[in-house]
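First the structure, in the form of structure tokens, and then the observations on it.
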Amino acid sequence: MKNTLITLMLTLCFGLAVAADKVPAHPHIEMVTSAGTIKLELDGKQAPITVAHILELVDNGYYDGTIFHRVIPGFMAQAGGYTPSMKLKEAGETIPNESGNGLTNVRGTIAMARTSDPHSANSQFFINVADNSRLDPAKRAYNGSWGYTVFGQVIEGMEVVDEIVNSKTGPAGEFRKDVPVIPIIIKKVSRVTYE
């Protein structure tokens with residue numbers, strides 16, 4: 001059983017690495033939300049596996065119709081895993097942690113959300129609204145040396161993120177607080193080319 005699991009993990013990592021070889025160095029995506037549009041530049045050089053995974057989800061329309069389900073002023077806005085009715089939506093396979101890639105969790109960066117398992121990132125992400133370098137691997141004083149993988153940055157629309165993170169919140173679904181009372185819906189996420 002253990003050998004089968006190891007073989008499966010190696011196969012998955014190899015497959016993701018092959019896919020990552022084909023990822024653009026700095027692809028752009030546009031996230032149209034009910035609060036406004038956010039434009040992001042992803043870093044395919046520093047986080048190739050993560051960016052390849054995110055682009056696959058974007059191309060498949062996975063994020064369309066999801067919400068920002070957890071917002072904390074002075075910290076971050078999290079999305080990519082719930083529908084407006086607070087039904088959990090999972091993308092399938094998890095991906096390996098690529099923290100320690102030279103990118104840091106500072107204001108305006110986008111990073112993968114995960115559980116206490118460092119390799120549990122799936123589809124959820126968060127946008128930092130403050131300098132949160134404590135989430136980087138070198139700064140973490142607990143849970144080994146794993147951090148939260150930064151894979152890009154907001155290049156336009158940070159005022160929209162600030163509006164989202166300052167939404168009135170309350171309890172919903174499995175969350176006791178921090179859920180916007182008026183759902184912030186991600187209407188469409190797509191790849192774009194800026195000239």
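From a predicted model like this one, the values you see are computed outputs, not experimental measurements.
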Salt bridge (charged side-chain N to carboxylate O under 4.0 Å, His left out) contacts touching [range] (sequence neighbours left out):
| range | result |
| --- | --- |
| residues 172-192 | Asp59-Arg191, Asp64-Lys188 |
| residues 73-85 | none |
| residues 49-58 | none |

List the residues meeting side-chain hydrogen bond (donor to acceptor under 3.5 Å, both in side chains) with [X], not counting sequence neighbours, and say none if there are none.
| X | value |
| --- | --- |
| Glu163 | none |
| Thr66 | none |
| Ser123 | Tyr62 |
| Ser120 | Thr115 |

Which ILVMFWY residues are connected to [X], directly or by a chain of links, through side-chain heavy atoms under 4.5 Å apart?
| X | result |
| --- | --- |
| Val150 | Leu103 |
| Val32 | none |
| Ile182 | none |

Taking the side chain as C-beta and beyond, is there a heavy-atom pair between [X] and [Y] under 4.5 Å?
| X | Y | result |
| --- | --- | --- |
| Ser133 | Asn105 | no |
| Ile95 | His119 | no |
| Leu55 | Pro24 | yes |
| Pro180 | Val71 | yes |

*So among Asn132, Asp131, Asn128, Asp162, which one has a side-chain hydrogen bond (donor to acceptor under 3.5 Å, both in side chains) with Arg107?*
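The passing option is Asp162.
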_Test: ring pair (Phe, Tyr, Trp, His ring centres under 6.0 Å). Region: residues 85-110. Which pairs qualify, not counting sequence neighbours?_
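Sorted result for residues 85-110: empty, none.
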*Return each pair, listed once, that meets ring pair (Phe, Tyr, Trp, His ring centres under 6.0 Å) where at least one residue sits in residues 172-191; pairs must be two or more places apart or across chains.*
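Sorted result for residues 172-191: His69-Phe175, Tyr82-Phe175.
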